[in-house]
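Encoded as structure tokens, the structure appears first; notes follow it.
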Amino acid sequence: MELGNNRIVPVVVIEQAERAAALGEALVAGGIPVAEVTLRTAAGLDSIAEMAKNPDLIVGAGTVITADQVDRVVEVGARFIVSPGLNPRVVERALEHGIDVVPGAVTPSEIMTALELGLTTLKFFPANVYGGPSALKALGAPFGNVSFIPTGGVSTTNIAEYLALKNVVAVGGSWMVPANLINDGEFDTIRQLCTDAVAAIQGDN
Ligand SMILES: O=C(O)C(=O)C[C@H](O)[C@H](O)COP(=O)(O)O
């Protein structure tokens, strides 16, 4: 997955596309130049298009549920696709476009289906519901070639524990990009939340 050397993927829920450019600048300034912009709002597509204009930012689409949504997010410049679950038609359409796709998979059967589709980097969501780090350790035994991006309940309190696992390539989360701060244009605060998140893992590297 095209993440550069980033190990934190901000999950963005944005209500106003006019906030997108400034949000992208805050992420870059805060040391996390990547964003998974979800399609959970009507502003998602336009926000991806706006943030994709920033050459310093890696922008992908989240909450991609259907193959049609894959076409639309590729059209506006998404560089990767994340899904909460595993829909083979979404995966196949993304692969047809030649774009990285990270579906959600938390059970051995889902993981085996993803492997069959040629994928080895998967979203582990909701991580806080499906057992967190201990579940990921257990899954690492039979699936040594699979990397996960745990998402759901991740924060500075547990990010180091997740990133210490050899089968965790990055974490996803919304804690550094709260929707209310985006809506209120509190981009200095978002930048600080990003630098705090980066600091939370630098001490453990
Ligand atoms: O929207 C999607 O496509 C999802 O899969 C859900 C998000 O990734 C999680 O809601 C993020 O979890 P928090 O960091 O606990 O807020």
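If you read the sequence from its start, that first residue is 1, and numbering goes on from there. Everything quoted here is computed from the prediction, not taken from an experiment. In listed order, ligands and their atoms are each counted from 1. Just the heavy atoms: all of them, side chains too, but no hydrogens, waters or symmetry mates, feed the values below.
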Going through the checks in order, is the side-chain hydrogen bond (donor to acceptor under 3.5 Å, both in side chains) test met by Q192 and D188? CA-CA 6 Å; Q192 186 59 53; D188 285 343; over 6 Å; no
side-chain contact (heavy atoms from CB on, under 4.5 Å) for V168 and F124? Distances and angles first, verdict last. CA-CA 10 Å; V168 169; F124 187 78; over 6 Å; no
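Scanning both residues, K123 and V82, for their nearest heavy atoms gives CD-CG1, 3.4 Å. What you find for L39 and L45 is that their closest heavy atoms are CD2-N, 4.2 Å.
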If you look at each N/O of ligand 1, which protein N/O atoms lie under 3.5 Å away, and at what distance?
from: ligand 1; atom 1: 1 (O); to: R40; atom 2: NH1; distance (Å): 2.7
from: ligand 1; atom 1: 1 (O); to: T63; atom 2: OG1; distance (Å): 2.8
from: ligand 1; atom 1: 3 (O); to: T63; atom 2: N; distance (Å): 3.1
from: ligand 1; atom 1: 3 (O); to: T63; atom 2: OG1; distance (Å): 2.8
from: ligand 1; atom 1: 5 (O); to: K123; atom 2: NZ; distance (Å): 2.8
from: ligand 1; atom 1: 8 (O); to: K123; atom 2: NZ; distance (Å): 2.9
from: ligand 1; atom 1: 14 (O); to: S174; atom 2: N; distance (Å): 2.9
from: ligand 1; atom 1: 14 (O); to: S174; atom 2: OG; distance (Å): 3.4
from: ligand 1; atom 1: 15 (O); to: G153; atom 2: N; distance (Å): 2.9
from: ligand 1; atom 1: 16 (O); to: S174; atom 2: OG; distance (Å): 2.6

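The backbone N or O of I81 lies less than 3.5 Å from no partner atom in the side chain of S83, so there is not a single donor-acceptor pair.
Electrostatic pairing of R89 and E92 does not count as a salt bridge here, judged by no charged N lying under 4.0 Å from a carboxylate O.
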